[in-house]
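Quick notes on the structure that follows.
Chain identifiers are assigned alphabetically (A, B, ...) following the order of the sequence lines, protein sequences preceding nucleic acid strands; residue numbering begins at 1 within each chain.
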Amino acid sequence: MSLVGARVIRKEDPNLITGRGQFVDDVQLAGTAHMAFVRSIEAHATIKSIDSTAALECDGVIGVWTAQDLNLAALPGVPGLQRPPLAMGKVRFVGEAVAVVVAEDRYVAADAAELVFVDYEPLPVVTNINDALQPEASLLFEEVGSNTVFEMPTPDDFQSVFDDAPHTSSVHIVNNRCAPAPMETHACLADHGPSGLTLWASFQAPHHLRNTVSGWLGIAQDQCRVITPDVGGGFGAKVNWTPDLFVAPILSKLLGRPVKYTQTRSECMTQMYHGRAQEQDVDIAYDADGQILALRVLVYQDCGGYPDPTGMGLPALTTTMAAGCYVIPNVSVAWKNIVTNTTPVAAYRGAGRPEASYLIERAIDLIAYDLEIDPLVVRRKNFIPPESFPYATHSEIAVYDSGNFAGALDELLNIMDNDAIRAEQQENLADPAKPLLGVGFASWLEIAGFGPPGSLEGFGHLGSWESVQIRIQPDGSAIVYTGASPHGQGTVTTFAQIAADYLGIDFDKISVRHGDTATIPQGIGTLGSRSVAVGGEGVKTASVRIADRAKRIAAHLLEANPDDIEVANGNFSVKGTPAQNVSWGEVAWASFRPLEIPEDMEPGSLDNTVLQQVPNFSFPSGAYACVVEIDKETGDTRVRDMYLVDDCGTVISPMLAEGQVHGGVAQGIAQALYEEVRYDENGQPTTATFMDYLIPAAPELPNFTSGRTNTPTPNNTLGAKGIGESGSVGAPPAVINAVVDGLHHLGVTHVDMPANPQKIWRILQGGVT
Amino acid sequence: MIPAKFDYKPASSAEEAILLLQEYGDEAKVIAGGHSLLPLMKLRLANPEVIIDIGEIQDLSFIEERDDHIAVGALTRHRLVEHSDLLRENVPLLAHAASHVGDPQVRNRGTIGGSLCHGDPASDLPAVVLATRATLIIRSQTGEREVAADDFFTDFWETAVNPAELLMEIRFPKVGDQPWAFQKFSRRAQDWAIVGCAVQHGSNPGIGMINMGSIPVRSSVAEEALRSGNAVIDVASVADEGLSPPSDIHAEVDYRRHLARVLLGRALS
Ligand SMILES: Cc1cc2nc3c(=O)[nH]c(=O)nc-3n(C[C@H](O)[C@H](O)[C@H](O)COP(=O)(O)OP(=O)(O)OC[C@H]3O[C@@H](n4cnc5c(N)ncnc54)[C@H](O)[C@@H]3O)c2cc1C
């Protein structure tokens, strides 16, 4: 039986559900000191002076340091705009680290941090894109001369196409700023002794961290070991260069003892880089049948107080994917990176692609409203046909690998009763006691499986491959080591499934290890929905190589021809004579004994390392539908049903694939209806607790009805595409299209996220649309 | 999320707690379930130097029938209130409202006394105390005094309980078969109300409003309209009259006023 595609139980769970997981904060080293940051209470100010006297007098305080004291280099980042680990003369967002305290315990450190007196000279604050772009706006980086720190103009705005088009629509879209808020906040523990540095971190890419930190500290990579133990979620936000990762090793070396930092939840809300935070001007031109003629997108990316390289790159992904599943002959894209006095912005589940699917799927519905035709008809009319793959888009980055967009939509209409919902919608409209119903669709597509050579190097990674090493143990069990660095995805399970199939070793005799640069050859990490499509393929490559060698050893032991050897159920046998067999354990044992293997083989050959490459990205796609109920009196808007058809090609673990979709869709619903990071006019965060930042929980979420189509990718032999970010890409447009549908009888064609009840009530009152 | 340094003093009786309160004066705070006080301390919005824990005083946790009222000890957890047959029968509004406080973890720790002494206009139970016209029993070293619900909530997060006093019990008049209703508008199941209302019908009907002022308030205008036998729609339309609801990131003033009218209309229908 094939394990790929089987509903196996997660290997990770027994540890986690019995409380035996080990997260960074669980690691206890003797003599550990604790670090706390003094954080800016101003959004934009110059620092006149810092007085640590009172803090230094606290019992248990070991020291207080400022940027001047430590003389630190800036963090890796955008040249000229790098973030200092501790503020240098000026602060640019509330929560920016100004000084660092180390004490005997966490509590003393927190108390002492409160006692450090920082004298600020406040500067005018810009908290949003609009304010930042005003001619008189206060500048975050005077030396740049503008709050627009980078601009990518369009080569052609296709104005003549728009001028000649029979119809056009335009919309200004706000893609709301979200906080990643993983269950485990960020944490690190540095032990920098005479023989080097060991750094435990709650991080998604241990080798990337090792390479970067060792370079920044000026120590050799062999002397720097990074361990990412169990990590409780990251959503893309645990690959950023935050000050603690660099300051802790410095202070550990200085003090000669381990130094630990665990982010509080309040800190997490302002320190962990936010996501989305885009505004977009979208214009679309089409003919009377809804055939799209041109799309024009200008993205304004709010980068926060310090532009992060990934954050600045988000609009590149948005504009690359802006045309979605559609044939659009003329696509014009441009973007601006803008700094504001807010938390920096970087990757958050989907990273640039939810912003793309949202804009194009909103634009499709605008066409339908303008022409008064069914939005599904507009979609079908413009879909890229299944026979036109590989499909070259307007962007050099994206050559779509495979897809069947009409097929996914057909399947969606199979699993829902659209006609019945439409009938109910009409009934409810007439009945004052019933809520308004809205139905929204999204045919979405995203770019995943990062990736082909060059795709991650631009973001500072060593490569775009993923490493896998498989070592057969003498008893015939196997250990798979990988540079993928899962933090909730279940990769230990999926990689073991793949290895079990291609090695022919029992699933229960395969362990998968990750997250330690001392034991894993090299690695890139878990991000960009790449683990299965790149690393998983690597597991297969290494497994096939090892199985071939094992067959030769088996043939030698059985005195048969290697070509006649089959492996099944943990046994090698001669084709046609199953009684002639030898177990995996016997073959493994023999592989370490020079006298028992073929003369031309070396002992220990059942060990293989691959840096797996893939030729292209994978492009997962799908069709989602959402049904919302809107309370006619209060505007309260709830998701009643969510229908989800995903196409990620070959599914390794159906349960984990569903789990990824459910989690992503929950985050998508959250963005569409609940979550929004906000600041007041002084740049003070007003949503920095879970009381005010509304993460929905199970009671707010509907049951999900799922379907699936299967269009394998040609870019790996498994045929598997990424699934980790799909839900967060597909859900927001489906939900908002549903909200707009429910309000369209009032003339509404767009509602910005989050569609909260007050906003909807104002619309119901005849206010803004 | 790390509170400032404090001293911890467990009290084994109300008397001991009051003595400790006297000893430490303004620097001390009583802690019951801790579900309002601890978050404030962790955000360093409250920094008491001494915490007097009354959580283990069993005598203060009870639900008893006494003549025309049900007495509920200040330390009774929301969960016990929610599941009490005595309350379901005699003060059903209270039992029902308690089931809407936070989530099961909160209800297992939070106490009715803590909820009232915190004096948060966004909390559910103060509205019930107002609607049912309950009486609160406060003890100091010199003895006990009774305070009417209307005199209990004095200012933002301030109540009639003085620094060296303890809330002992709350007496809810039995309401018999009189109808009641509770409406809570919130975004998430575990959230505080954006607006809510608690209605107790009877000879002197009570309408307690949630999150419609800087302190827990009743809607006197709507109560008067209800007493005068006005139609539901007319009573509901004055729900917010005379009240000054707050404005925050979840709801501005006009939306709160609107919600108050809608929710009272639903409560009365
Ligand atoms: C996640 C979460 C969700 C919540 N949701 C809701 C909700 O939906 N609705 C709602 O109404 N509440 C909600 N709450 C608050 C909850 O009801 C609290 O339990 C309650 O407000 C306080 O009760 P406590 O026993 O925990 O009080 P504590 O926090 O221990 O004390 C609160 C205050 O009262 C004082 N105090 C306590 N007992 C006495 C006494 N006997 N005499 C004098 N002073 C006293 C304390 O000194 C303190 O100032 C929520 C809380 C949390 C953490």
Side-chain angles (χ1 to χ4, degrees), chain A residues 34 36 58-60 105-115 185 262-269 433 631-638 670 673-676 678-680 685-701 754 756-762 764-765 767, chain B residues 1-6 8 35-36 39-45 47 49 100 102-106 120 122-123 183-197 211 233 236-237 239 245 247-267 269:
Chain A
H34 297 263
C58 281
D59 251 6
D105 69 44
R106 256 191 110 175
Y107 301 92
V108 173
D111 289 347
E114 290 257 301
L115 294 175
T185 59
T262 304
Q263 211 173 44
T264 65
R265 181 58 67 186
S266 304
E267 282 181 308
C268 186
M269 295 303 285
D631 186 311
K632 287 172 183 162
E633 290 180 303
T634 63
D636 194 25
T637 302
R638 309 245 163 200
L673 297 183
Y674 295 94
E675 297 181 14
E676 179 180 36
R678 291 170 62 165
Y679 294 88
D680 70 12
T686 55
T687 50
T689 71
F690 282 177
M691 250 175 85
D692 290 318
Y693 187 76
L694 305 180
I695 298 174
E700 286 74 52
L701 298 170
N756 61 47
Q758 175 172 277
K759 198 181 276 178
I760 302 300
W761 173 69
R762 293 207 188 285
L764 291 168
Q765 297 294 101
Chain B
M1 305 302 280
I2 296 176
K5 199 173 168 170
F6 59 86
Y8 175 82
H35 270 50
S36 291
L40 290 180
M41 289 168 62
K42 287 183 163 196
L43 291 167
R44 298 200 175 207
L45 295 172
N47 298 306
E49 280 170 25
H100 282 266
D103 54 29
Q105 288 93 320
V106 174
D120 185 347
S123 288
Q183 286 283 331
K184 178 173 179 177
F185 185 81
S186 60
R187 299 295 314 277
R188 301 173 300 178
Q190 66 177 51
D191 279 337
W192 274 265
I194 290 177
V195 172
C197 67
N211 225 349
I233 182 163
S237 72
S247 174
D248 57 35
I249 58 165
H250 304 298
E252 286 157 22
V253 170
D254 59 340
Y255 185 49
R256 279 214 160 80
R257 289 188 181 283
H258 169 76
L259 285 176
R261 298 191 290 262
V262 170
L263 296 179
L264 184 57
R266 288 178 185 179
S269 307

Less than 4.5 Å to any heavy atom of chain B: does that hold for the side chain of [X], its backbone, both, or neither?
X      : answer
A:R265 : both
A:R638 : side chain
A:Y674 : both
A:E700 : side chain
A:P696 : backbone

- Query: Picking from B:E252, B:K42, B:Q190, which has the most non-hydrogen pairs under 4.5 angstrom with chain A?
  - Reply: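 Heavy-atom pairs under 4.5 Å are most numerous for B:E252.
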- Query: Under a 4.5 Å heavy-atom cutoff, which of B:L263, B:I249, B:V262 has the most pairs with chain A?
  - Reply: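 Highest number of heavy-atom pairs under 4.5 Å: B:I249.
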- Message: Restricting to salt bridge (Lys or Arg N to Asp or Glu O under 4.0 Å), what partner residues turn up for A:E114, sequence neighbours left out?
- Response: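 In terms of salt bridge (Lys or Arg N to Asp or Glu O under 4.0 Å), with neighbours along the sequence ignored, A:E114 is linked to B:R44.
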- Against chain B, work out which of A:A697, A:P699, A:P757 has the most heavy-atom pairs shorter than 4.5 Å and name it.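 It is A:P757.
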- Message: Counting heavy-atom pairs closer than 4.5 Å to chain B, which one of A:L694, A:I695, A:T264 comes out on top?
- Response: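 So the answer, after comparing A:L694, A:I695, A:T264, is A:L694.
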- Message: What part of B:D254 gets within 4.5 angstrom of chain A, counting heavy atoms only: side chain, backbone, both, or neither?
- Response: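 Both parts, backbone and side chain.
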- Task: Pick one of side chain, backbone, both or neither for B:S269, based on which atoms fall under 4.5 Å of a heavy atom in chain A.
- Result: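 Looking at B:S269, nothing touches chain A.
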- Task: May I ask you to decide if A:D111's main-chain N or O and B:K5's side chain share a donor-acceptor pair within less than 3.5 Å?
- Result: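 Not a single qualifying donor-acceptor pair exists.
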- Message: If you define the side chain from C-beta out and look only at heavy atoms, does anything of B:R188 sit under 4.5 Å from B:D103?
- Response: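 No, every pair of side-chain atoms sits at 4.5 Å or beyond.
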- More than 12 heavy atoms of other residues, nucleotides or ligands under 6.0 Å from CD1 of B:I233: is that the case?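 Open.
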- In terms of heavy-atom contacts, does CZ of A:F690 have more than 12 from other residues, nucleotides or ligands at under 6.0 Å?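 It does: A:F690 CZ has more than 12 such atoms within range.
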- Query: When rounded to the nearest 0.5 angstrom, what is the spacing between CE in A:M691 and CG in B:D191?
  - Reply: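 Between atom CE of A:M691 and atom CG of B:D191 there are 8.0 Å.
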- With sequence neighbours excluded, what pairs up with B:Y255 under the ring pair (Phe, Tyr, Trp, His ring centres under 6.0 Å) test?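 Applying ring pair (Phe, Tyr, Trp, His ring centres under 6.0 Å) to B:Y255 gives A:W761.
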- Message: Whether the B:H250 and A:N756 side chains hold a donor-acceptor pair (N or O, under 3.5 Å, no angle test) is what I'd like checked.
- Response: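 Side-chain D/A pair, B:H250 to A:N756: absent.
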